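So that the names make sense, note that chain A is the first sequence line, chain B the second, and so on, each numbered from 1. Predicted model only: the values in this text are computed from it and were never measured.
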Amino acid sequence: MPRLILKVAIDAPLRHLFDYLPLFNAPPPAVGCRVRVPFGRRSQVGLVVAHARHAEVADAQLRHIHEPLDSDPLLPASVLELLRRAADYYHAPPGEVLVGTLPGLLRAGRPARPMQVWQWSLTEAAPSPDSLSRAPRQAALLGALTQAPCEESQLDAALPGWRVTARTLADKGWIERAQIAPDAATDWAPERGHPLTTAQRAAVDAVAAGSGFGAFLLDGVTGSGKTEVYLTAIERVLAAGRQALVLVPEISLTPQTEARFRARFGAAVAVLHSGLSDTERLAAWLAARGGQAGVLIGTRSAVFAPLARPGLIVVDEEHDGSYKQQDGFRYHARDMAVLRARIEDVPVLLGSATPSLESLAHGRSGQYRVLHLRERAGSARLPQLELLDVRHQRMAGLVSPALAGAVREELAAGRQVMLFLNRRGYAPVLLCHACGWVPKCDRCDAHYTLHRGRRLLLCHHCGRERPLPIRCEGCGAQDLLPLGAGTERIENDIAALFPDHRVLRVDRDSTRRRGALDAHLEAARDGSADILVGTQMLAKGHHFPAVTLVGILDADQGLFAADFRASERLAQTIYQVSGRCGRGEQPGRVLIQTHQPQHPVLRALLHGGYGTFAAELLAEREAAGWPPFSHLALLRAESTRQEDALWFLGETLSLAAELGHAGVDLLGPVPAPMPKRAGRYRAQLLLQAQRRAPLHALLRAWLPALALLPAARQVRWSLDVDPLDTY
DNA sequence: AGCACGCCGACT
DNA sequence: GTCGGCGTGCTC
């Protein structure tokens, strides 16, 4: 008798699917549906990936599913195909990919419909919270609701045990509960787009012209109006009754970004990012799947959200490293977006002012069609880049006299200045002037960074904190000296140098509190700060039209990093930071402080712009055989005992030798550049291949065998295909 | 990953 | 005498 076997993906780090029998009395769950299944001694949520005739295991081992969880497939065939190919490409366990990328509530087996969201608010009859001094819990709840109506999930977080209190207050008729409509009607009138420049129009037309798949690289200088191109292209997609998926780096999905899309597309916009509650995330995901959302804007993981009628995929700031997931299932969302566009047969538009070398290479080979926006919109001109040779200069900390002078001039003219340093904290090292003692993290091969404002030492590699020592722990001298400078110190130095101006620091430390980043950015934009000091954070996506001078305090940092991508990143940072300035009538200036004014990277950047620079870098990569002219995979291992990680990697090397690895070079194993981190010893083995096929053939045979090595039990290991960092 | 089973040290 | 430490093995 023919029977049906369900191939089920289970969210566990297991490299294969599991076979189950359907229930007798019901039609079998379709491919793409979730099922609850017995798994070992417990019950797990799985996803039906295929139907089959034959099981991989003996009949005696087969069990029936507990229950189907969906009547319709949760994922369309295209997304299933995408996830299957992703699991295959990244050599990730199928369950982790197929089930692990679902919204948390669906992974937990909740029904695939929006959760009911209840909101509490005060009634007319509610007294002032102050009148309840003898009932502090009631006063607290009343107080919270006086501020604003609250969703139950917010109350769960803020006032544990609030439900009992709420019942009391509701009985008194002081508060009431109402269900929020999933899409509260917004009074919205679609905003008209700006008239497009010729180049913008050409770009939109190119994307809209084709039918089906096409990959486009929108290479547009900052301020050239890439977003307007996205918006217009999306407009056309919506007009054709289709949906658009827009990926953005985490940091640039601010309320402003959302507002800009909402102004144009109103309630058709759904947003998916890490700041959402599980309920909100599910609602957005379902709105995309159901087709109610015309535009889904999201960070990395949104690339796997189902769309009812896909029409276009946009990847903004495609060079941004935050598209690469750095743990677990290490996918690159930009690459997944291109793959998805191919599978869905829709165009994909990758935009950047500083495209990744990978995308530029695809542009050259014709795989991507390159669309240029060379002019800034309106009258704005591109900022002028200048090198400041700081050799022999009498520095005030990290600030040269020339830079200080330029800042002074700019401030005198009533304009804003931005100073960029990719190092947070007050000083990267604290040093005893009497004996040379330096406080070091005992879990990492690293010094503590001094955070003076928080009065502590912080290890930037594992997060460990310790109180500020008053005296040297080596010799007892009270002569501890902060060495070097981070943003916090620059903030102090600059404030001292320009006491009549307001300095605002923007880094992870100053924006840790919820909403602080937005408040800071607002202060930067509305002119209540004259001088902005910050890290990467300042470089990403935010526009400061009144800033006319940018100082890159320490370009040398980027010139000496060990990673082969360091100069690409330095250039992208310099261009991204400089793109933040001079948007208005005033042209901007970018002053780059360096001890290496002759360095080829800096010279190329200055004289040719990013395009020329990137061309040179591509030539270098080709000569050296680095990506995008070769393909990498990195096997990482870490263990609590120093020798175990290297031992494991040595074993994997022998295994690869046994299997044969023609066409793949294995480099290592070597200790990681920072061998000890967070109390664990780390090492790595790099695989490099001219062509992908032999690399993936080796990985396919090699990986399942790695887990069986005795040494594997002593370490935590992971494989990173197309690593962004080779350390 | 969970969750069992299993075999050796310090406690009621 | 047992409570519990984490090594080892399995999940259709």
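- Atom CG in A:L17 sits roughly 14 Å away from atom C1' in C:dT11 (whole-Å rounding).
- Distance A:E96 CD to C:dT11 P: 20 Å, rounded to the nearest Å.
- Distances from the side chain of A:R713 to the nucleotides C:dC12, C:dT8, B:dG2 place C:dT8 closest.
- The distance from atom CG of A:D327 to atom P of B:dA1 is 12 Å, rounded to the nearest whole Å.
- Between A:L98 atom CG and B:dA1 atom P there is a gap of 18 Å when expressed in whole angstrom units.
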task: Could you check A:E344 against A:S78 for side chain to side chain donor-acceptor pair (under 3.5 Å), going step by step and ending with a plain yes or no?
output: CA-CA 6 Å; A:E344 307 263 23; A:S78 59; 3.1 Å; yes
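- The distance from atom CD of A:Q714 to atom C1' of C:dT8 is 12 Å, rounded to the nearest whole Å.
- Rounded to a whole Å, the CD1 atom of A:I10 is 15 Å from the C1' atom of B:dC3.
- Between A:K7 and A:D19, at least one side-chain nitrogen of the basic residue sits less than 4.0 Å from a carboxylate oxygen of the acidic one, meeting the salt-bridge criterion.
- For the pair A:D445 and A:K676, the salt-bridge criterion is not met [side-chain N within less than 4.0 Å of a carboxylate O].
- Residue A:Y20 is in sugar-phosphate contact alone, with no base atom involved, counting any heavy-atom pair closer than 4.0 Å across all strands shown.
- A:L14 comes within 4.0 angstrom of a nucleotide base, judged by non-hydrogen atoms across all strands.
- One finds no salt bridge joining A:E81 and A:R342 here, because no Lys/Arg side-chain nitrogen approaches an Asp/Glu carboxylate oxygen to under 4.0 Å.
- Distance NE2 (A:H64) to C1' (C:dT11): 17 Å, rounded to an integer number of Å.
- Atom NZ in A:K7 sits about 9 Å away from atom C1' in C:dC12, given to the nearest Å.
- Look at A:R41 and you won't find any side-chain N or O under 4.0 angstrom from OP1 or OP2 of B:dG2.
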